[in-house]
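Worksheet: one structure, shown below.
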Amino acid sequence: MRRKYGVTLAASVWVFIFLIPLLGAIYTSLRTDNAISSGPFVWQFDSTFSHFKNAMGAAGYDFASFFKNSIIISTGTVLLTIFISFPASYSIVRLGFGGPWLLRLALALRITPAIFFVIPFYKLFTAYNLIDKPIVLILADSFINMTLAILVFSGAINEMPLEIEEAAAVDGASVWMTLRKIVFPLLGPGMAAVAVLTFLFSWSDYLFAVVLTSSEATPVTVGAANFVTSYGIRWGDISAAVCLSVLPPLVFATAAQKYLVKGLSSGAVKG
Amino acid sequence: MSTTFNKQRRTAGWILATPLLLILAGLLIWPVYLGIKTSLTHDVLSEFSTYGVGLGNFKNLIRQPNFWLSLRFTFIYALVATTLEVILGFALALLFDRVFPGKRVLFSLMLVPIMIAPSLMAVMFRLILNENIGIIPGFLQKIGLHFAIFDQHNIFTSLIILDILEFTAFTFLLSYSALQNMQEEVYEAAAIDGANKKQVLLQVTLPILRPAIAIIFLLRILDSIRTFDSVFILTGGGPGTTTQTVGIYIFKTAFIYGDFGLAASAAIVLVLILAPFMPFIIKQFNLNQNGRR
């Protein structure tokens with residue numbers, strides 16, 4: 001048994017190393033301004049959580065609206081991505097739509113760098129006066145994430161036994177009925193994997209956000225990075241803002257960890 | 001089956017794929033056209049008129065030393081970071097591939113970096129690395145070590161360490177999944193043959209998992225070549241242009257210097273460099289799909 005605790009210890013040390021950035025941010029967010037400016041090892045904690053209050057609006061930053069934007073953009077992206085990918089995957093896998101080409105296109109798109117689309121998207125959305133609106137980021141993020149979603153969905157549909165659908169067809173069920181009554185309920189785990197991955201990746205988007213928003217639709221990623229340059233000395237407030245920013249995806253992905261692992265390891269490329 | 005049935009299925013196929021086709025038309029075909037068009041146009045923000053220049057931007061691009069430097073930096077960075085992350089990720093997966101107290105919690109904590117946006121991670125790095133208030137410089141000072149994290153000579157090492165902290169979780173997770181898929185009988189057979197732990201690892205586990213490790217390496221390096229957020233926030237490509245990834249080069253060319261034509265041509269060159277990997281990924285995915293069923 002002693003040996004086993006040795007493994008626990010070794011694993012804990014590595015976990016600690018990987019979490020140093022996050023722990024550092026949490027540590028700073030809980031300290032008083034005085035302690036922060038006196039050096040990293042002055043132990044004096046702020047019992048009123050003033051940095052968190054400041055970050056959420058007490059000090060007049062726009063952070064609360066960045067947070068709201070991130071929620072809108074990520075939730076919208078999850079819904080739109082599922083709306084696009086789920087029916088399309090069924091069409092590709094079971095109805096033979098597009099032969100093997102649509103899946104191949106999805107895979108090729110997975111390794112096309114997002115930076116390739118940045119300039120055309122900027123041109124396109126500027127032409128239609130859509131810059132700095134959440135819908136633009138929902139569209140861009142859905143486009144980037146739908147390829148992963150199609151791969152996960154088509155994998156999950158492939159895994160479903162064909163016999164159930166065939167039996168339904170023999171009994172005279174239409175494609176729509178089969179889809180609604182059989183496929184959709186069976187696809188829960190795949191749906192969860194797509195939802196958690198899409199939420200995570202759209203919450204993490206920085207590149208599209210920095211190009212396609214200026215102030216109104218700015219999400220937390222760009223907001224937090226700008227925060228550092230504009231309020232460089234307010235480290236306590238910045239730390240609190242960052243800690244709050246990582247919370248929603250962290251909670252969601254930890255709760256759905258099983259699906260996160262399944263989705264990521266189903267051979268799909270990370271965005 | 002009857003023809004009406006087949007017709008119904010074909011119609012359904014089209015209807016179900018319509019949202020995808022609309023998105024592909026609006027956000028793939030149209031933008032790719034715009035991207036190619038921009039790359040063939042003299043399109044500079046400060047000038048009001050744009051006009052076609054043929055391959056002028058591409059000719060101009062290959063004469064830009066900064067473009068080649070950014071390509072070189074990107075590939076060296078991606079290669080070094082990926083190699084270290086794959087080795088460390090696999091080693092940690094081996095460590096976790098057994099029963100030990102607290103495994104569930106520690107496994108979940110290992111995955112936390114995946115859940116944190118690279119840009120937010122970069123902000124945290126700036127916080128812990130800040131020379132006045134950061135815990136890392138403070139700690140180094142305490143133990144009497146002098147290491148200027150953002151110094152020109154150290155910046156590459158610093159960025160690689162940060163990349164490792166951020167992305168090893170990904171290689172760890174994929175390696176762990178691969179280890180879970182190993183057949184128990186293989187180990188039993190090795191044990192019967194009297195193989196020791198080192199022999200099992202080198203002569204059984206590694207050879208069997210070589211294709212899986214290769215694909216993890218490929219996925220990670222393709223991802224790494226696209227690095228933008230974290231390096232951009234930490235160094236902005238500096239000092240000078242020493243840490244400029246291709247992504248940062250394209251971004252700055254377009255949105256700081258306003259030369260959209262040149263930036264679009266650089267983006268196309270980057271895609272062409274990555275294009276040869278596409279058939280490989282496609283083949284790999286098909287193998288995965290068929291192999292598992």
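Chain A is the first sequence line, chain B the second, and so forth, proteins listed ahead of strands; every chain is numbered from 1.
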Donor-acceptor contact below 3.5 Å, side chain B/Arg126 vs main chain A/Ala225: no
B/Phe255/A/Tyr122 aromatic ring centres below 6.0 Å: yes
A/Phe83 side chain near B/Pro19 side chain, heavy-atom distance below 4.5 Å: yes
Contact class of A/Leu23 relative to chain B, heavy atoms under 4.5 angstrom: neither
Close side-chain approach of A/Phe117 and B/Leu28, heavy atoms under 4.5 Å: yes
Between B/Thr18, B/Ile36, B/Leu88, the one whose heavy-atom pairs under 4.5 Å with chain A are most numerous: B/Leu88
Proximal component of A/Val196, with respect to chain B [non-hydrogen, under 4.5 Å]: neither
Atom group of A/Phe41 that falls short of 4.5 Å from chain B, counting heavy atoms: side chain
Shortest non-hydrogen separation from A/Val220 to B/Leu120 and the atoms involved: O-CD2, 4.1 Å
From CG (B/Leu173) to CD (A/Gln257), nearest 0.5 Å: 8.5 Å
Contact check, side chains of A/Thr254 and B/Met115, non-hydrogen atoms, under 4.5 Å: yes
Segment of A/Leu139 engaging chain B (4.5 angstrom heavy-atom cut-off): both
Residue part contacting chain B, namely of A/Phe199, when any heavy atom lies under 4.5 Å: neither
Contact check, side chains of A/Phe18 and B/Val112, non-hydrogen atoms, under 4.5 Å: no
Top contributor to chain A interface from B/Leu129, B/Ile233, B/Leu21 [non-hydrogen pairs under 4.5 Å]: B/Ile233
Nearest-0.5 Å distance that lies between atom CE in B/Met124 and atom SG in A/Cys243: 6.0 Å
Side-chain heavy atoms of A/Pro120 within contact of B/Val32, under 4.5 Å: no
Best-contacting candidate, B/Val246, B/Ile116, B/Leu218, against chain A by heavy atom pairs under 4.5 angstrom: B/Ile116
Heavy-atom proximity to chain B below 4.5 Å, by part of A/Phe125: side chain
Interchain contact, A/Phe116 with chain B, by part (heavy-atom threshold 4.5 Å): both
Main-chain N/O of A/Tyr206 paired to B/Ser119 side chain as donor or acceptor, under 3.5 Å: no
Contacting region of A/Ile17 [heavy-atom separation from chain B under 4.5 Å]: both
Atom group of A/Ser142 that falls short of 4.5 Å from chain B, counting heavy atoms: neither
Interchain contact, A/Leu19 with chain B, by part (heavy-atom threshold 4.5 Å): side chain
Top of A/Ile92, A/Leu200, A/Val210 for chain B proximity - count of heavy-atom pairs under 4.5 angstrom: A/Leu200
Residue part contacting chain B, namely of A/Thr28, when any heavy atom lies under 4.5 Å: side chain
Minimum side-chain heavy-atom gap A/Val15-B/Val105 below 4.5 Å: no
